[in-house]
Protein chains: 2
Amino acid sequence: MNIPSYQSKYRQMTEGSKLLYKKSTKIFPGGISHNIRYFQPYPFFVKKSKGKTLYDVDGNAFTDYWMGHWAQILGHASQPITKALSTQVRKGTLYGTVNEASVELGSLIQKVMPLAELLRFSSTGSEATMYAIRLARAKTGRRVIAKIIGGWHGFNTPLLQTVNYPFEYEEGPGLIQDEEQFIESIPFNDLDRSIKILESIKDDLAGIIVEPVLGGAGCIPPQEDYLTGLQEFARKTGSMYILDEIVTGFRLSLGGAVQYYRLDPDLFTLGKIVGGGMPIGVVCGKKEVMALADPVKRNSKQSCCAIGGGTFSANPMTMTAGMASLKYLIKNRRSVYRKINNLGNQTRQGLNKIFSEARIPVDVTGVGSLFCTHFLNSESERILDAADVGKSNRNMLIRYQVALMSNHRIFFLPLKMGAFSEAHSERDMNALFDSTRSIISSGILSS
Amino acid sequence: MNIPSYQSKYRQMTEGSKLLYKKSTKIFPGGISHNIRYFQPYPFFVKKSKGKTLYDVDGNAFTDYWMGHWAQILGHASQPITKALSTQVRKGTLYGTVNEASVELGSLIQKVMPLAELLRFSSTGSEATMYAIRLARAKTGRRVIAKIIGGWHGFNTPLLQTVNYPFEYEEGPGLIQDEEQFIESIPFNDLDRSIKILESIKDDLAGIIVEPVLGGAGCIPPQEDYLTGLQEFARKTGSMYILDEIVTGFRLSLGGAVQYYRLDPDLFTLGKIVGGGMPIGVVCGKKEVMALADPVKRNSKQSCCAIGGGTFSANPMTMTAGMASLKYLIKNRRSVYRKINNLGNQTRQGLNKIFSEARIPVDVTGVGSLFCTHFLNSESERILDAADVGKSNRNMLIRYQVALMSNHRIFFLPLKMGAFSEAHSERDMNALFDSTRSIISSGILSS
């Protein structure tokens, strides 16, 4: 088989990465520490980052739309965060105790997200969602958690179900069959079918967890009334409504999807942006639910819902970076969100138009600063849920994204959505348009 | 009830913390983000750290034996880590991709821990142990994981069982009964009873997970042959032997408990020290087990054991801090471990002697640089497992530790073991002895 020219170009420009990847496979299974970071022929190795740019070990500079799993909303190594962390580093990275910085960051979150009546810091999103469903079960005394087919809430055991297409298969060996019986999966954006399933389990329904915009599954915004429909059902049946805002929090707006779509969850989770690029997860929610995890008032193991925490929770580096991030976003709320949301809107319109003119059926999905190109099998298809993404032309998307890397130094993590940051500009968007036109006319997509 | 003098002294010297704690309870359930960080009347709030010292918001300086959950083996804000992080901060905190630093740290771990034939970075220890048992189940096709009564492997759902005394109660509401059926708990340091239990479930036994030294449960070293006995049983029955070295790795020796006790686990987990004070968890193990998580060679969801990863896995800040930490430890291996282990040995002997002379029955347990004072109910008791700790005089331990804070500015997280770091000296140890004598003679312990 001939290697397509854009792939051989990628190999030529990443010879250092090739060697490092080879070394890396002797250290890590598959050469990576996160499955999605691998792509063919091998991923390039980053040595530094600044603003919108990733610099690899071979001296290539990529305009980045992956932006640290969409966490770096101010750009890489942004001035406010770099400055704050440089000072904090000298004061220590891990006190292992309560500290002033965590009170300040917690208080700032409450200010812009008033539904965070109480909150708990952990170190990752996987932890935060795991604790959120534990709280829902503790609050209701029920067992079943409903999640979305294709919904992604991290690698924690209870929620690692119906994540990847084809959804009818388990998410791999090592997950015990019987752990699944208390998860029920419902189809995104299909309120009727979702409610029908929920009705059948309502007596044991502890909570419904949902990403307001499906993220990992392919950047799919909610259709009107879907999220409020689930919310109403939860209210009516006394189960907890849990929004996973790890991607959307501080992204869609300062108040996240709660503000953007006017929602009222009992619990919600944060991550990514709220840590300013440092490891974080947060469970937030109504006082009456969160208070179940109060180890002071509920000082017996039978009464207190045990949630982490963990060694690195509320560490001063994360707290400091998070504060610098939120303070900047609060101060510049108008300009930042106007800018990145405009870029997102124009990009979705622009790419849809470019592909449409070339008669390549796509649906460029997204909302605000988030966007993803899906190559369809016919003009009549649309992307409304994770199954639609599963059935789309994923190989064509990989070709497009690897060609963007090799021929135009533009980086999307293959198969994943992109995000604008404060560090991007209209010029970057126009470069993406020009590169896309060039890739279309080169015939790479149909190769 | 009269407030004892050491408690009123604590209140007087921590007025700023009192206000902050009050504010904190409006933000976090119980005012904390990790249950063990609360103690009465309220914890002091740290604003910076350096070497062996924590500085609080009221200007107090505490000699720290908690040392960031025992992670800060070089001391707080140590020069090599501070220097490395100051440089890295300017290059970016989260690339979200593969990077050179992760290959270097992974390679360094393999160099000193050759049983890490392959490894995977995650962001917390709770994640690492959760992935380790998933791998064990994937490898064996069996379901049951045996853990130690009182064993602590983080807040992940599957392993949050038989953690706190009294062990016969569940670890709080929100944990589903049925999730427990695949965990079997065995008593630490009782090989006969452990093997008897394991025999009864051996056909479905996927793995045995054990901390070589019980950490959270109270600093209990293994008795001769206990760890190798479990290891033999695992080998014989084809189940995985999993060592949780999150505390002991790079702590007991450069090669951790594996080297110290000459063990040969199939899988082991790291955390704390290996991240140099930044968030980390690592699953390491034999190639044939770890390779089950290789998403490149096993590129269908049915064949690949899905483990994280996560957004922050292998982030360059953690990798950089970890490398600075390990390089220092490798270069100064003789002096560091000789020093901290000597201090540990002398401290256990010294404290045992001091209490014995005062006719206060204690068992100061530990190994190497780790130690914990347990107040016994009679001279004849000894601390061999978590139940012994549960039955010991915990209130007296809290009085001792809070008195150390208020009267002598020495900090142990109440109820938790202490650890020496490179930043401590004999002078600190002698100050701990003097302070202990003074507390004994003041009558605080019997109040």
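Numbers restart at 1 for each chain; the letters A, B, ... are given by sequence-line order, proteins then strands. Atoms considered below: every heavy atom in the structure, side chains included; atoms not considered: hydrogens, waters and symmetry mates.
Between B:P158 and A:T157, the shortest heavy-atom distance links the atoms CG-OG1, 3.8 Å. Minimum interatomic distance between B:L160 and A:A306 (heavy atoms only, all atoms of both residues): CD2-O, 3.8 Å. The minimum heavy-atom distance linking A:N35 with B:A293 is given by the pair OD1-O, 4.3 Å. For the residue pair A:L119 and B:P29, the shortest heavy atom distance occurs at O-CD, 3.1 Å. Residues A:M130 and B:F155 come closest through the heavy atom pair CE-O, 4.0 Å. Here the closest non-hydrogen pair linking A:S24 and B:V103 is OG-CG2, 3.8 Å.
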Audit row: B:T311, A:K272, side-chain hydrogen bond (donor to acceptor under 3.5 Å, both in side chains) steps and yes/no | CA-CA 8 Å; B:T311 294; A:K272 304 196 193 271; 2.6 Å; yes
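The CG atom of A:N299 lies 8.0 Å from the CD atom of B:Q40; values are rounded to the nearest 0.5 Å. The distance from the CZ atom of B:F39 to the OG1 atom of A:T97 is 9.0 Å, given to the nearest 0.5 Å. Within the model, atoms CG of A:N99 and OG of B:S17 stand 10.5 Å from one another, a figure rounded to the nearest 0.5 Å. Here A:T82 contributes atom OG1 and B:R90 contributes atom CZ; the two are 9.0 Å apart, rounded to the nearest 0.5 Å. Here the CG-CD1 distance, from B:D294 to A:I32, works out to 7.0 Å after rounding to the nearest 0.5 Å. Rounding to the nearest 0.5 Å places OG of A:S33 at 9.5 Å from CG of B:L105.
Considering only heavy atoms from C-beta on, A:P173 stays 4.5 Å or farther from B:K139 through its side chain. You'll find the side chain of A:N156 stays beyond 4.5 Å of the side chain of B:N156, heavy atoms only. Put simply, the side chain of B:N315 reaches to within 4.5 Å of the side chain of A:P279, judged on heavy atoms. Residues B:S122 and A:H34 have side chains not in contact (no heavy-atom distance under 4.5 Å, counting atoms from C-beta outward). Taking the side chain as every heavy atom from C-beta outward, B:L118 and A:I27 never approach each other to under 4.5 Å. In this structure the side chain of A:T124 reaches within 4.5 angstrom of the side chain of B:T124, judged on heavy atoms.
Within the 4.5 angstrom heavy-atom criterion, atoms from both the backbone and the side chain of A:K47 approach chain B. For B:Q88, no part lies near chain A; criterion is any non-hydrogen pair under 4.5 Å. With a threshold of 4.5 angstrom between heavy atoms, A:T25 approaches chain B through N, CA, C or O but not through any side-chain atom. A:K26 touches chain B through its backbone: at least one of N, CA, C or O sits under 4.5 Å from a heavy atom, while the side chain does not. Within the 4.5 angstrom heavy-atom criterion, only backbone atoms of A:S303 (N, CA, C, O) approach chain B. In this structure, the portions of B:V98 lying under 4.5 Å from any heavy atom of chain A include both its backbone and its side chain. Looking at A:Y169, the atoms closer than 4.5 Å to chain B (heavy atoms on both sides) sit in the backbone and in the side chain alike. Only the backbone of B:F44 comes within contact range of chain A, with at least one heavy atom under 4.5 Å from a heavy atom of that chain. For A:I307, the part sitting under 4.5 Å from any heavy atom of chain B is the backbone (N, CA, C, O) and nothing else. For chain A, no part of B:I246 is nearby; none of its heavy atoms comes within less than 4.5 Å. Residue contact with chain B, scored on non-hydrogen atoms closer than 4.5 Å, is absent for A:L135. Heavy atoms of B:Q110 lying under 4.5 Å from chain A belong exclusively to its side chain.
Within the structure, salt bridge (Lys or Arg N to Asp or Glu O under 4.0 Å) contacts touching residues 101-110 of chain B (residues at least two apart or in different chains) do not occur.
For the set B:W70, B:W66, B:Y165, the entry with the most heavy-atom pairs within less than 4.5 Å of chain A is B:W66. Ranked by non-hydrogen atom pairs under 4.5 Å with chain B, the options A:M290, A:H76, A:Q72, A:M317 are led by A:Q72. Interface summary for chain A: among B:K23, B:K297, B:M278, the most heavy-atom pairs under 4.5 angstrom belong to B:M278.
With B:K301 as the partner, the salt bridge (Lys or Arg N to Asp or Glu O under 4.0 Å) test is satisfied by one option alone out of A:E170, A:E168, A:E171: A:E171.
Listed by chain and residue number, A:F28 satisfy the ring pair (Phe, Tyr, Trp, His ring centres under 6.0 Å) test with B:F121 (two or more places apart in sequence, or in another chain).
Of the possible polar contacts, one joining the A:S49 side chain to the B:K91 backbone as a donor-acceptor pair under 3.5 Å is found.
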